[in-house]
Amino acid sequence: MYKNNALLRRLGMALGLVAASTLASAAQAEKPNFLLIVADDLGYSDLGAFGGEIETPSLDALADEGIRMTNFHTAPTCSPTRSMLLSGTDNHQAGIGNMAELLTAEQKGKPGYEGYLNDLVATLPGVLRDNGYSTSIAGKWHLGRTEELSPAARGFDHSWVLVQGGASHFDDGRAIIGVDPKAVYLEDGKQVEVPEGFFSSDFYADKVISYIDAAGDKPFFSFLAFTAPHWPLQAPDSYIKKYEGRYDEGYEAIRQQRLDKMKEMGLVGHQLTANVPFDELPSWDELTDEQRKVEARKMEVYAAMVDNMDENIGRVLAHLESTGELDNTVVLFMSDNGADGNSPEVLPKNKEWIASEYDNSYDNIGRPNSYIWYGAQWGQVSATPWPMWKGYPTQGGLVVPAILNLPGDDAEGKISHEFFHVMDVMPTFLELAGIEQPTSPYNGRDIFEIQGVSMLPGLNGNGPENRVVGWELFGRSAVRMGDWKIRLLEEPYGPGQWQLFDLANDPTETTDLSEDNPEKLKELLAEWDNYIRRNGVFPADPADMRKVGYSFTTCLYGKCVE
């Protein structure tokens with residue numbers, strides 16, 4: 001088993017995290033394989049290696065011998081993150097300036113708002129394939145729905161993907177929104193049906209194993225893109241049973257247990273308190289006995305999904321170990337955004353569709369014909385200690401668990417607090433492979449330059465100082481420069497004007513310093529102007545987002561933040 005042998009398998013390899021140039025030179029002699037693993041909506045503190053109580057021995061072992069990155073940032077939601085992950089540049093340049101499902105009338109037709117991964121970027125799998133790699137993906141795509149926009153057209157030799165943002169995890173083939181009830185799967189660009197007995201995480205792991213074997217003598221890049229633990233929360237009964245009763249203590253107790261463990265592990269400072277910004281939502285004590293019973297079951301199913309995903313990751317790693325490939329494989333695990341605290345049922349059309357099509361009775365929760373999510377309060381537990389959730393450029397929406405394992409490195413549980421961004425993955429992988437970054441024109445077409453930077457200097461303590469990175473999605477915006485951050489959220493989630501935070505002293509964004517530091521605010525606002533000019537940003541108006549059906553409302557048992 002991988003989890004039992006992980007600490008032994010790299011004996012005899014070079015010691016220490018060596019300089020980036022040395023790693024790149026070594027890669028020239030024997031190009032490393034790359035296994036990229038992405039979870040869908042996994043919260044910051046869910047894994048055991050990040051303080052959680054969910055059993056994740058495979059990922060914990062990966063962290064014990066690798067590097068935990070505590071300050072790794074993504075976009076606030078999935079498809080923008082995936083566009084940056086595969087292009088190394090901002091999502092507004094890569095074609096996902098807004099999610100395809102939620103483009104406003106003013107955004108449609110604008111460059112960078114195509115709603116799919118456009119051809120103005122060179123993709124990570126495409127560049128690797130051009131340099132002798134076998135490339136594959138299994139799982140969630142969400143970057144284009146047609147054959148012409150599928151992974152087969154964007155650099156992948158082999159692919160088996162769900163094109164939408166989510167679907168049933170079982171073999172009934174349902175999608176996650178009533179206007180698009182059929183899940184669409186593509187194999188090498190051609191539409192296929194899921195096989196009988198399908199469960200998403202099991203199937204995607206099987207596919208990745210087969211694709212790795214198909215690489216033959218070539219080095220491989222394989223992208224294992226789980227749809228777990230994205231709602232609808234569903235898992236095999238045996239995994240759900242494992243967590244029965246585990247969450248009966250409720251939100252506040254589990255959150256505090258996680259925070260205490262994170263402090264013991266050195267992931268966060270001992271003076272840190274979790275930021276839970278909304279008291280409009282009911283606490284555990286305010287719920288009825290029946291409500292607490294249902295809430296606990298939701299989290300049991302969520303934990304079961306994460307547990308099952310971890311077991312499948314262990315199967316893939318064990319297969320690599322058995323074939324002798326693991327010692328030459330770079331493994332990166334991450335989530336695509338922060339924990340999901342949203343409430344899909346607040347849109348009337350969703351509520352009616354769910355009620356008519358699914359059985360969400362207590363005994364059926366988590367089974368194939370149920371449709372549940374765990375909501376804001378459990379989402380805030382998963383995001384511990386950061387405020388808020390997916391969909392917001394708060395730390396809770398942007399900072400995700402990330403684990404990196406490098407061949408020849410004996411990091412042995414190193415914790416890096418360096419700032420990293422999902423755009424950094426492509427330049428890091430290319431450097432490790434000894435491949436130059438693509439420049440325009442590339443393969444006969446103009447492309448944007450990579451904005452990310454290699455993570456290797458940062459992992460050696462030599463990352464860029466006062467690096468500037470921006471975000472915009474749904475009209476919500478942020479800019480970070482070094483440890484300073486400005487953030488713009490509409491009411492009631494924010495004041496409707498820019499706020500300023502000193503993350504070095506206030507990592508959970510509790511104190512707005514904009515009035516006390518007007519010059520720093522002005523400096524970062526100038527960087528915001530630079531960001532929107534460079535990337536062609538057309539910020540959405542919250543009123544326009546409501547028109548296209550996006551809900552800004554978070555509710556629990558009739559109490560809402562709205």
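Taking the six-membered ring wherever Trp is involved, the centroid distance between the rings of F72 and F420 does not fall below 6.0 Å. Between Y185 and W160, the distance separating the two ring centers is shorter than 6.0 angstrom. Ring pair F221/Y133: centre-to-centre distance not below 6.0 Å. Taking the six-membered ring for Trp, H230 and W373 have ring centres at least 6.0 Å apart. Aromatic rings of W386 and Y44 (six-membered ring for Trp) have centroids within the 6.0 Å cut-off, being under it.
The side chain to side chain donor-acceptor pair (under 3.5 Å) search around T77 returns none, not counting sequence neighbours.
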message: Using the rule given for side chain to side chain contact (heavy atoms under 4.5 Å, CB included), can you reason through I486 versus L525, listing the C-alpha separation, both sets of side-chain angles and the distance that settles it, and then say yes or no?
response: CA-CA 8 Å; I486 56 172; L525 286 174; 3.9 Å; yes
- request: Apply side-chain hydrogen bond (donor to acceptor under 3.5 Å, both in side chains) to E509 and N275, showing your working.
  value: CA-CA 8 Å; E509 301 173 292; N275 184 357; over 6 Å; no
Derivation of the side chain to side chain contact (heavy atoms under 4.5 Å, CB included) call for V469 and F419: CA-CA 10 Å; V469 178; F419 173 89; 3.8 Å; yes
message: Working note: N443 + D130, criterion side-chain hydrogen bond (donor to acceptor under 3.5 Å, both in side chains); need CA distance, chi angles, decisive distance, verdict.
response: CA-CA 10 Å; N443 288 344; D130 290 344; 3.2 Å; yes
- prompt: Hey, mind stepping through Q107 and N98 against side-chain hydrogen bond (donor to acceptor under 3.5 Å, both in side chains) and telling me if it holds?
  reply: CA-CA 8 Å; Q107 292 172 336; N98 194 353; 2.9 Å; yes
- prompt: Does the pair Q395 and L503 meet the rule for a side chain to side chain contact (heavy atoms under 4.5 Å, CB included), with working shown?
  reply: CA-CA 10 Å; Q395 296 300 84; L503 298 179; 4.0 Å; yes
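There is no side-chain donor-acceptor pair under 3.5 Å between Y374 and D340. For the 3.5 Å distance criterion, the side chains of E325 and N33 qualify, holding a donor opposite an acceptor. A donor-acceptor pair shorter than 3.5 Å cannot be found between the side chains of Q164 and H142. The closest side-chain donor-acceptor pair between N535 and N91, if any, does not fall under 3.5 angstrom. In the model, H158 has no side-chain atom that pairs as donor or acceptor with a side-chain atom of S136 under 3.5 Å. Of the N and O atoms on the side chains of T428 and D424, not one donor lies less than 3.5 Å from an acceptor on the other residue. Checked by atom type, the side-chain pair E472/S477 shows no donor-acceptor distance below 3.5 Å. At a cut-off of 3.5 Å, with distance as the only test, no side-chain donor of N71 or E418 sits close to an acceptor on the other residue. Using modelled atom types and a 3.5 Å distance limit, the side chains of S382 and D46 yield a donor-acceptor pair. R258 and T384 share no side-chain donor-acceptor pair at under 3.5 Å.
Formation of a donor-acceptor pair under 3.5 Å by the N312 side chain with backbone atoms of N308 is found in this model. Put simply, the side chain of K140 never gets that close to the backbone of L162: no donor and acceptor are under 3.5 Å apart. Judged by distance alone, the side chain of N460 and the main-chain N or O of L456 form a donor-acceptor pair under 3.5 Å.
Rounded to the nearest 0.5 Å, atoms OG1 (T70) and CE (M265) are 12.0 Å apart.
Contact check for L500 versus K520: side-chain heavy atoms found under the 4.5 Å cut-off. Using a 4.5 Å cut-off on side-chain heavy atoms (C-beta onward), L317 and L62 make contact.
A75 and T81 get closest at one heavy-atom pair: N-OG1, 2.9 Å. Nearest heavy-atom pair across D336 and C78 is OD2-CB, 3.0 Å. Of all the heavy atoms in T394 and P387, the pair that sits closest is OG1-O, 3.0 Å.
A salt bridge between R534 and E449 is present, with a side-chain N of the basic residue lying under 4.0 Å from a carboxylate O of the acidic one. Checked for salt-bridge contact, D502 and K485 miss the test: no charged N lies under 4.0 Å from a carboxylate O. Salt bridge present: R129 and D157 bring a charged side-chain N and a carboxylate O closer than 4.0 Å.
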